[in-house]
Amino acid sequence: MPEPTEARKALHELIDLLREVDERYLSPEWLIQGPQDTAEGMRAVMHALQGGLQGWFETDAEHPQFRRIVAPWRKFTGDNADAIYYDAPVRGDRRYRVRGRMDDACYVSLTIEAGSRDGRMGGRTDGVINDTQFDVDAEGRFEIQLGGPAQPRNWIALPPDASRVTTRHYYEEETAAAADPNRHPALAIEVLDAVGPPTPPNDENMAAGLRRVANFVRARTLEMPPPGKREQPAFVSTTPNQFPAPCPPAGLGLAALDASYSMAPYVLAPGQALVVTGRWPPCRCANVDLWNRFQQTFDYANRQVTLNRKQTRLEADGSFRIVIAHEDPGVPNWLDTEGRPFGMVFWRFFLPEGPIETPRAELMTLEQLRAR
């Protein structure tokens with residue numbers, strides 16, 4: 001028999017959690033029906049496990065490193081085809097320096113997540129600093145201090161329960177920036193306080209790391225209420241094919257405080273199309289993404305499942321008409337559902353300069369659309 005250790009106990013807890021996720025989360029209890037739902041749910045669980053292992057198994061706020069959060073092969077918690085996200089652990093009683101570069105992004109920000117030190121979902125977004133609030137040199141480089149005494153510029157406060165700093169680089173290009181291997185924001189973070197070297201691996205810290213991974217997975221599966229049983233923020237509609245007025249997220253964890261969002265489910269039968277009309281507002285950047293029920297984008301690396309302003313063909317009056325359909329309708333601005341009868345449509349608008357027109361959706365047949 002192998003020697004019992006706390007790390008082995010934690011590993012067995014993680015294995016038991018995955019078994020429970022399989023038996024409950026990937027079951028009718030969470031409205032999973034049939035092999036296709038199960039397969040997609042299994043993929044979401046494996047992506048969450050990958051995210052937990054990368055971001056939380058070995059993490060140390062006294063020796064932080066920026067790591068990419070989501071990618072085409074690792075999707076959870078509402079990823080985005082036009083953005084590259086990184087995060088790093090922080091503590092509210094430390095001071096840090098962050099260095100990076102704009103990398104030709106149209107919007108860059110840092111947000112502070114609070115209350116998620118053990119791998120669970122962030123309780124809130126505590127603050128944001130974007131590129132209108134910090135200095136960028138001629139080569140696109142910037143430097144920002146986190147925590148410590150207040151500074152007039154290039155500084156953001158850390159609350160006592162600060163747990164992560166998240167970076168956002170948003171792009172508006174003809175292809176999905178998140179799938180571009182040449183994008184390198186060159187981010188680095190260092191502690192400004194005196195700290196010693198990290199503790200070598202031992203039974204205690206390996207057990208703690210495995211439990212953080214389990215918390216990360218649990219928070220994104222069993223601790224997410226089943227569909228229809230969760231309270232939704234104001235920007236989320238539960239009515240299919242009907243968008244709510246875009247609005248800020250009001251401190252919601254993992255959200256950008258200087259953005260406005262709107263989200264609604266789509267439901268489409270074969271031969272139907274959802275025609276969405278509206279106008280892109282004056283803002284720093286904006287886009288629309290198709291997600292599955294697990295808040296994962298569809299395959300933006302190989303299909304047109306998202307649109308930003310640069311990718312959108314406008315009408316003569318400056319408005320847009322976007323068509324969500326299972327097959328190519330033969331008109332501009334088609335968003336490919338990949339044949340999925342159900343999904344989510346998520347809109348983002350960063351630094352809007354005024355009111356945002358709510359997108360309007362009309363359900364019709366492909367024949368009716370083509371006849372127009």
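We're numbering straight along the sequence, starting at 1. Quantities reported herein were computed from a predicted structural model and do not represent experimental measurements.
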- Message: Applying side chain to side chain contact (heavy atoms under 4.5 Å, CB included) to Tyr25 and Glu20, what does each step give before you reach the verdict?
- Response: CA-CA 8 Å; Tyr25 184 71; Glu20 184 181 3; over 6 Å; no
- Query: For residues Thr111 and Arg168, is any side-chain donor paired with an opposing acceptor at under 3.5 Å?
  - Reply: yes
- Do Arg220 and Thr77 touch side chain to side chain, with heavy atoms closer than 4.5 Å? yes
- Side chain proximity check, Val288 to Leu307, heavy atoms < 4.5 angstrom: yes
- Query: Do you reckon Phe294 sits in the same ILVMFWY cluster as Met42, going by side-chain contacts under 4.5 Å, direct or chained?
  - Reply: yes
- Looking only at non-hydrogen atoms, find the nearest pair between Ala176 and Tyr300 and report the distance. CB-CD1, 3.7 Å
- Message: Between Asp131 and Met102, is the side chain to side chain contact (heavy atoms under 4.5 Å, CB included) condition met? List the steps.
- Response: CA-CA 9 Å; Asp131 59 84; Met102 293 292 292; 4.0 Å; yes
- Is there a side-chain contact between Glu113 and Asp126 (heavy atoms, below 4.5 Å)? no
- Task: Hey, could you give me the CG/CZ distance between Leu53 and Arg74, rounded to the nearest 0.5 Å?
- Result: 10.5 Å
- Any chance the side chains of Arg67 and Gln54 put a donor and an acceptor closer than 3.5 Å? no
- Message: I need the Phe298 CZ to Lys75 NZ distance, nearest 0.5 Å.
- Response: 9.5 Å
- Is there any ring-ring contact (aromatic ring centres under 6.0 Å, His included) pair reaching into residues 128-161, and which pairs are they, with sequence neighbours excluded? Phe134-Phe142
- Message: Using the ring centroid of each side chain, check whether Phe320 and Trp280 are separated by less than 6.0 Å.
- Response: yes
- Task: Please determine, by modelled atom types, if Asp103 and Tyr171 share a side-chain donor-acceptor pair under 3.5 angstrom.
- Result: yes
- Side chains of Asn215 and Arg212, donor plus acceptor under 3.5 Å: no
- Item | Distance-minimising heavy-atom pair for Ser237 and Pro265 | O-CD, 3.1 Å
- Item | Residue pairs involving residues 69-100 (criterion ring-ring contact (aromatic ring centres under 6.0 Å, His included); sequence neighbours excluded) | Phe76-Phe216
- Query: Just checking, is any N or O donor in the side chain of Gln296 or Asp79 under 3.5 Å from an acceptor N or O on the other one?
  - Reply: no
- Find the distance between OG1 (Thr277) and CD (Glu362) and round it off to the nearest 0.5 Å. 8.0 Å
- Message: So Phe346 and Asn80, do their side chains get closer than 4.5 Å, heavy atoms only?
- Response: no
- Message: Quick check: Tyr261 with Trp347 (ring centres under 6.0 Å apart)?
- Response: no
- Query: Does NZ or CZ of Arg164 lie under 6.0 Å from the centre of the six-membered ring of Trp56, at an angle within 45° of the ring axis?
  - Reply: yes
- Query: Taking it one step at a time, do Leu187 and Thr167 satisfy side chain to side chain contact (heavy atoms under 4.5 Å, CB included)?
  - Reply: CA-CA 9 Å; Leu187 290 157; Thr167 71; 3.4 Å; yes
- Item | Contacts of type ring-ring contact (aromatic ring centres under 6.0 Å, His included), residue Phe350, not counting sequence neighbours | Tyr107, Tyr170
- Note on the structure: So CZ of Arg321 and CG of Asn333: to nearest 0.5 Å the spacing works out to 8.5 Å
- Query: Nearest 0.5 Å, what's the CG-CG distance between Leu14 and Asp16?
  - Reply: 9.0 Å
- Query: Looking at side-chain heavy atoms only, is the closest gap between Met224 and Gln295 below 4.5 Å?
  - Reply: yes
- Item | Hphob cluster co-occupancy, Ile129 + Ile112, side-chain heavy atoms under 4.5 angstrom | yes
- Is the shortest heavy-atom distance from the side chain of Arg218 to the side chain of Leu17 under 4.5 Å? yes
- Query: Going hydrophobic residue to hydrophobic residue with side-chain gaps under 4.5 angstrom, can you get from Leu335 over to Leu268?
  - Reply: yes
- Compare all side-chain heavy atoms of Leu290 with those of Arg340 and state whether any distance is below 4.5 angstrom. no
- If you round to the nearest 0.5 Å, how far is CD1 of Ile356 from CZ of Phe349? 5.5 Å
- Passes side chain to side chain contact (heavy atoms under 4.5 Å, CB included), Asp203 versus Arg8? Steps please. CA-CA 9 Å; Asp203 185 49; Arg8 280 203 170 99; over 6 Å; no
